[in-house]
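Just below is one structure, and these are the notes that go with it.
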Amino acid sequence: MTYDRKLLTASMNGDQQAFALLYDEIYPELYRMAIYMSGNVTIADDLVSETVLAAYQGINKLKSPEAFEAWIFKIMSIIVKRSFHQKYHSFSVFHPNAVEMDTIGLKASDWSDNEIIKTDLLNAMSKLKYIDRLIISLCVLEGYSSREVGKILSMNAATVRSRLNRNLKKLKTELEEHGYE
């Protein structure tokens, strides 16, 4: 997504109103990513709040407006990773509020309409490493390129593509074991 360069520049120079407008622009993307990673709207709210606070406190250190999107998603990925490490030490798809994604209208595709398929997919995702779930979420669900994800996660784009392909194959194999084609 392209953000208003004037808003970014003003935010980088300490303009609180410009940052508030910039926040309005990026909030849906941050919230959607937090929902995908946490499976819980309450936790997602906290993750977005913490991300925005950290971004607000550090936006004056941002080197260029073009780096904003990768920069803020990098902040979110660090916060999500720290949050899950501190609270859960592993990803659990069996959180009782995980189905709340449907109630707020965030549907990745038709599979979210079928609770059994969604549960099987989330269960398969839970068997992947955190970083691999994050790569899949950013590339497949959010539509970022491997180059963009590489910037966000401080990885080589080729590594992102390799991990994405390998883990999509793992997901496919896992889902085929449950009878999906």
Side-chain angles (χ1 to χ4, degrees), residues 1-3 26-41 43-44 46-48 50-52 54-55 58 62-64 66-95 98-99 101 106-112 114 116-181:
M1 182 173 186
T2 305
Y3 301 96
I26 193 142
Y27 175 80
E29 289 182 64
L30 289 174
Y31 191 63
R32 189 170 33 253
M33 178 54 83
I35 288 283
Y36 290 141
M37 294 310 298
S38 69
N40 179 294
V41 294
I43 293 172
D46 292 344
L47 294 171
V48 171
E50 198 173 335
T51 299
V52 171
L62 184 62
K63 291 184 173 60
S64 74
E66 293 79 23
F68 173 72
E69 189 170 29
W71 175 76
I72 199 161
F73 276 103
K74 175 73 172 182
I75 291 170
M76 175 168 267
S77 71
I78 290 167
I79 288 170
V80 168
K81 184 175 183 179
R82 184 182 64 222
S83 173
F84 280 112
H85 180 72
Q86 288 173 347
K87 292 180 183 178
Y88 306 109
H89 297 285
S90 66
F91 180 74
S92 173
V93 298
F94 298 106
H95 192 285
V99 296
M101 287 192 310
L106 295 175
K107 295 183 180 182
S109 66
D110 292 338
W111 59 260
S112 63
N114 186 322
I116 296 170
I117 295 172
K118 184 168 78 171
T119 301
D120 288 343
L121 179 60
L122 291 174
N123 186 37
M125 285 280 287
S126 73
K127 294 178 181 179
L128 301 176
K129 293 179 182 176
Y130 164 79
I131 192 70
D132 296 325
R133 290 191 308 271
L134 188 56
I135 288 170
I136 289 172
S137 295
L138 288 168
C139 289
V140 176
L141 301 175
E142 290 294 320
Y144 288 99
S145 70
S146 58
R147 185 183 53 77
E148 292 168 325
V149 173
K151 281 185 181 180
I152 292 168
L153 300 177
S154 301
M155 287 182 159
N156 185 306
T159 303
V160 171
R161 285 189 299 275
S162 172
R163 290 182 86 137
L164 176 64
N165 288 330
R166 181 179 24 195
N167 287 290
L168 286 175
K169 287 178 185 174
K170 285 181 186 177
L171 284 177
K172 182 181 178 191
T173 301
E174 181 72 25
L175 291 172
E176 284 173 347
E177 289 176 8
H178 289 288
Y180 298 103
E181 293 180 24

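This is a predicted model, so every value here is computed, not measured.
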Inset, instruction - List the steps, then state whether side-chain contact (heavy atoms from CB on, under 4.5 Å) holds for Met76 with Val48. - result: CA-CA 7 Å; Met76 175 168 267; Val48 171; 3.8 Å; yes

How far apart are the closest heavy atoms of [X] and [Y], and which atoms are they?
{"X": "Ala55", "Y": "Ile75", "value": "CA-CD1, 4.0 Å"}
{"X": "Tyr31", "Y": "Ala44", "value": "CE1-CB, 3.8 Å"}
{"X": "Leu47", "Y": "Ile79", "value": "CD2-CG2, 3.9 Å"}

Taking the side chain as C-beta and beyond, is there a heavy-atom pair between [X] and [Y] under 4.5 Å?
{"X": "Tyr27", "Y": "Val52", "result": "no"}
{"X": "Lys129", "Y": "Arg163", "result": "yes"}
{"X": "Phe73", "Y": "Glu148", "result": "no"}
{"X": "Val149", "Y": "Met155", "result": "no"}
{"X": "Val160", "Y": "Leu138", "result": "no"}

Inset, instruction - Could you tell me whether the side chain of Ser137 and the main chain of Arg133 form a donor-acceptor pair under 3.5 Å? - result: yes

What's the separation between atom [atom1] in [X] and atom [atom2] in [Y], rounded to the nearest 0.5 Å?
{"X": "Glu174", "Y": "Glu176", "atom1": "CD", "atom2": "CD", "value": "10.5 Å"}
{"X": "Thr173", "Y": "Leu168", "atom1": "OG1", "atom2": "CG", "value": "10.5 Å"}
{"X": "Arg161", "Y": "Ile135", "atom1": "CZ", "atom2": "CD1", "value": "11.5 Å"}
{"X": "Cys139", "Y": "Leu164", "atom1": "SG", "atom2": "CG", "value": "5.0 Å"}
{"X": "Leu153", "Y": "Ile78", "atom1": "CG", "atom2": "CD1", "value": "9.5 Å"}
{"X": "Asn167", "Y": "Leu128", "atom1": "CG", "atom2": "CG", "value": "5.0 Å"}

Inset, instruction - Assign the ring pair Phe68 / Trp71 to parallel, tilted or perpendicular, where the plane angle (0 to 90°) is split at 30° and 60°. - result: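 Because their plane-to-plane angle lies in the 30° to 60° range, the rings of Phe68 and Trp71 count as tilted.
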
Legend entry - Name of the residue among Ile152, Ile26, Leu62 meeting side chain to side chain contact (heavy atoms under 4.5 Å, CB included) with Ile72: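 The single option meeting the side chain to side chain contact (heavy atoms under 4.5 Å, CB included) with Ile72 is Ile26.
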
